[in-house]
Asks: 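One structure, pasted below without further comment.
From a predicted model like this one, the values you see are computed outputs, not experimental measurements. Positions are given from 1, in the same order as the sequence printed here.
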Amino acid sequence: MIKLRELEYLDAIVRYKHFGKAAEACHVSQPTLSGQLMKLEEQLGLQLIERHRRNVMLTPAGEQLIKDARKVLQAAKEFEESARTLLDPLAGDMHIGLIPTLAPYLLPLIVENLNNQLPRINFYLHENKTEVLLQELNSGKLDLLVLPWLDEMEKFERYDLFDEPLLLAVHPSHPLAEHKHVAISVLEGQKILTLEDGHCLRDQAMDYCFTAGANEDHRFQATSLETLRHMVASSRGITLLPKLATLNVTATNNIRYIPFKQPQPVRKISLVIRPNYSRMESIRAIATSIRNSVKEAV
């Protein structure tokens, strides 16, 4: 009989590609992990791992079966979660994924309320780019995501949380700096500083800019919103920043944040989960808490 622990060892070896690191992650000795993997291979009558001096590789059989092993491990995790939910639907661990252009600005607004309103839930926060977060949600490593909704997420379920306006950020010396509000059409012919590829905010902001007739400033691409902010403060260009990133920011004398007239460019922030996720009472409570925490800020 194949045991879940043996599949966990196989998964760890594939993830770490090193017996010692995999054993450490599984809290067992290296001989124990190696022995259990050999036992699994004997039970299956297949070699799953090629053992080399400096690295570990999957055999073709291992490449195929690791996918099934991970499905089994995910099903076992969901079984345990369902049982815990029956005991207390508002308790247990909850792993939340957020993107770098949202997490630093949203978390200060929501974490205290989440902890106060849902004290029996242990929240674990994970920050990464959208593509990685979606993979980890799909594999079960994360329970939910809070991020801008994209069409490519259609296979997941969502709870809309709030619409976050995008503001025009310019240096005080820029001709647009004295405007209290601007129409999106003022971007026609302007060059816009952007984030590097891989950030969904880059694509969302540039969609609005391209529609208005603006162009991307190819001289520079930022790795973060803070880098974009410093570029604008240095009079190196203009950009669009989400509103939460412009709140409670110190030393902004060298930047003017200008709201757009209606219709405003916005990004729709949603809570995203896997279809048929079992802990729906927790999800609804988390969504309500976030909406209430943010409604005055946006």
Side-chain angles (χ1 to χ4, degrees), residues 98-109 127-133 145-152 161-270 294 297-298:
L98 304 101
I99 57 173
T101 60
L102 180 63
Y105 317 106
L106 178 65
L107 291 177
L109 298 176
E127 183 179 295
N128 218 317
K129 291 184 178 180
T130 302
E131 181 181 1
V132 175
L133 293 179
L145 308 181
V146 178
L147 75 179
W149 177 257
L150 301 173
D151 291 341
E152 64 200 57
L161 299 175
F162 58 93
D163 287 345
E164 182 182 18
L166 302 180
L167 306 183
L168 179 63
V170 302
H171 189 269
S173 64
H174 194 277
L176 295 173
E178 298 306 316
H179 291 256
K180 291 185 178 180
H181 296 82
V182 292
I184 191 73
S185 59
V186 303
L187 298 182
E188 183 175 1
Q190 298 281 351
K191 288 188 175 181
I192 309 295
L193 294 169
T194 66
L195 293 166
E196 65 182 0
D197 288 337
H199 293 276
C200 61
L201 177 59
R202 165 195 165 83
D203 298 330
Q204 292 171 320
M206 290 315 299
D207 281 346
Y208 285 111
C209 293
F210 289 148
T211 299
N215 299 302
E216 182 179 355
D217 192 335
H218 293 287
R219 296 172 300 172
F220 179 81
Q221 287 188 342
T223 58
S224 70
L225 292 186
E226 295 312 305
T227 305
L228 279 182
R229 197 195 309 277
H230 289 306
M231 292 294 288
V232 173
S234 301
S235 192
R236 298 294 300 274
I238 66 174
T239 193
L240 270 62
L241 291 178
K243 185 174 181 179
L244 292 183
T246 70
L247 303 178
N248 302 318
V249 177
T250 58
T252 57
N253 290 337
N254 289 333
I255 301 180
R256 297 287 185 270
Y257 299 114
I258 308 172
F260 286 96
K261 298 176 182 178
Q262 295 293 345
Q264 289 180 309
V266 299
R267 59 175 183 173
K268 184 176 292 295
I269 306 300
S270 300
V294 175
V298 295

Asks: For Lys129, give me all partners under salt bridge (charged side-chain N to carboxylate O under 4.0 Å, His left out), at least two apart in sequence or on another chain.
Replies: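 For Lys129 the salt bridge (charged side-chain N to carboxylate O under 4.0 Å, His left out) partners, ignoring immediate neighbours, are Glu196.
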Asks: Would you call Glu164 and Lys243 a salt bridge, using N to O less than 4.0 angstrom?
Replies: no
Asks: Closest approach of Leu167 and Pro259, non-hydrogen atoms and distance?
Replies: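 Closest pair (atom of Leu167, atom of Pro259, distance): CD2-CA, 3.7 Å.
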Asks: Where the side chain of Arg256 meets the backbone of Val170, is there a donor-acceptor pair that is under 3.5 Å apart?
Replies: no
Asks: Hey, could you give me the CG/OG1 distance between Leu228 and Thr223, rounded to the nearest 0.5 Å?
Replies: 8.5 Å
Asks: Measuring from atom CG of Leu98 to atom OH of Tyr105, what distance do you get when rounded to the nearest 0.5 angstrom?
Replies: 13.0 Å
Asks: Working to the nearest 0.5 angstrom, can you tell me the gap between Arg229 CZ and Thr246 OG1?
Replies: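 One gets 7.5 Å once the value is rounded to the nearest 0.5 Å.
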Asks: Please determine whether side chain to side chain contact (heavy atoms under 4.5 Å, CB included) holds for the pair Cys200 and Leu147, giving the CA-CA distance in whole Å, both sets of side-chain angles, and the decisive distance to 0.1 Å.
Replies: CA-CA 9 Å; Cys200 61; Leu147 75 179; 5.9 Å; no
Asks: Looking only at heavy atoms, what is the nearest atom pair of Pro104 and Glu127, with distance?
Replies: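 For Pro104 and Glu127, the tightest heavy-atom pair comes out as CD-OE1, 4.2 Å.
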Asks: Minimum heavy-atom separation for Leu166 to Arg267, with atom names?
Replies: CD2-CG, 4.4 Å
Asks: Closest approach of Asp197 and Arg202, non-hydrogen atoms and distance?
Replies: OD1-NE, 3.0 Å
Asks: Using every non-hydrogen atom in the two residues, find where Ala103 and Pro108 come nearest and quote the distance to one decimal.
Replies: O-CD, 4.1 Å
Asks: From Thr101 OG1 over to Leu225 CG, what is the distance, rounded to the nearest 0.5 angstrom?
Replies: 5.5 Å
Asks: Considering residues at least two apart in sequence or located in another chain, which fulfil the salt bridge (charged side-chain N to carboxylate O under 4.0 Å, His left out) criterion with Lys268?
Replies: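 Lys268 satisfies salt bridge (charged side-chain N to carboxylate O under 4.0 Å, His left out) with Asp163 only.
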Asks: Evaluate the side chain to side chain contact (heavy atoms under 4.5 Å, CB included) criterion for residues Phe162 and Leu244: first the C-alpha distance (whole Å), next the side-chain angles of each, then the deciding distance (0.1 Å), finally the verdict.
Replies: CA-CA 12 Å; Phe162 58 93; Leu244 292 183; 4.1 Å; yes
Asks: Spell out, as yes or no, whether a donor-acceptor pair under 3.5 Å connects the side chain of His199 to the backbone of Leu201.
Replies: no
Asks: Is it true that, when you exclude Glu178 itself, more than 12 heavy atoms of the residues, nucleotides or ligands shown sit nearer than 6.0 Å to its CD?
Replies: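 Count not over threshold, so no.
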Asks: Does any N or O in the side chain of Thr239 come within less than 3.5 Å of the main-chain N or O of Leu193, such that one atom is a donor and the other an acceptor?
Replies: yes
Asks: Check step by step if side chain to side chain contact (heavy atoms under 4.5 Å, CB included) holds for Leu161 and Val294.
Replies: CA-CA 9 Å; Leu161 299 175; Val294 175; over 6 Å; no
Asks: As a quick check of understanding, evaluate side chain to side chain contact (heavy atoms under 4.5 Å, CB included) for Ile238 and Ile192, giving each step before the final call.
Replies: CA-CA 6 Å; Ile238 66 174; Ile192 309 295; 3.8 Å; yes
Asks: Closest approach of Pro148 and Ile269, non-hydrogen atoms and distance?
Replies: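 For Pro148 and Ile269, the tightest heavy-atom pair comes out as CG-CD1, 3.8 Å.
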Asks: Look up atom CG in Leu195 and atom CG in Leu241, then write down how far apart they are to the nearest 0.5 Å.
Replies: 8.5 Å
Asks: Measure from the side-chain N and O atoms of Arg236 to the backbone N and O of Phe220, and report whether any donor-acceptor pair falls under 3.5 Å.
Replies: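 Between the backbone of Phe220 and the side chain of Arg236 there is no qualifying donor-acceptor contact (under 3.5 Å).
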Asks: Measure the NE2-CD1 distance between His181 and Ile258 for me, rounded to the nearest 0.5 Å.
Replies: 10.0 Å
Asks: Is there a side-chain contact between Leu187 and Leu168 (heavy atoms, below 4.5 Å)?
Replies: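 When only atoms from C-beta onward are counted, Leu168 and Leu187 do touch, with a gap below 4.5 Å.
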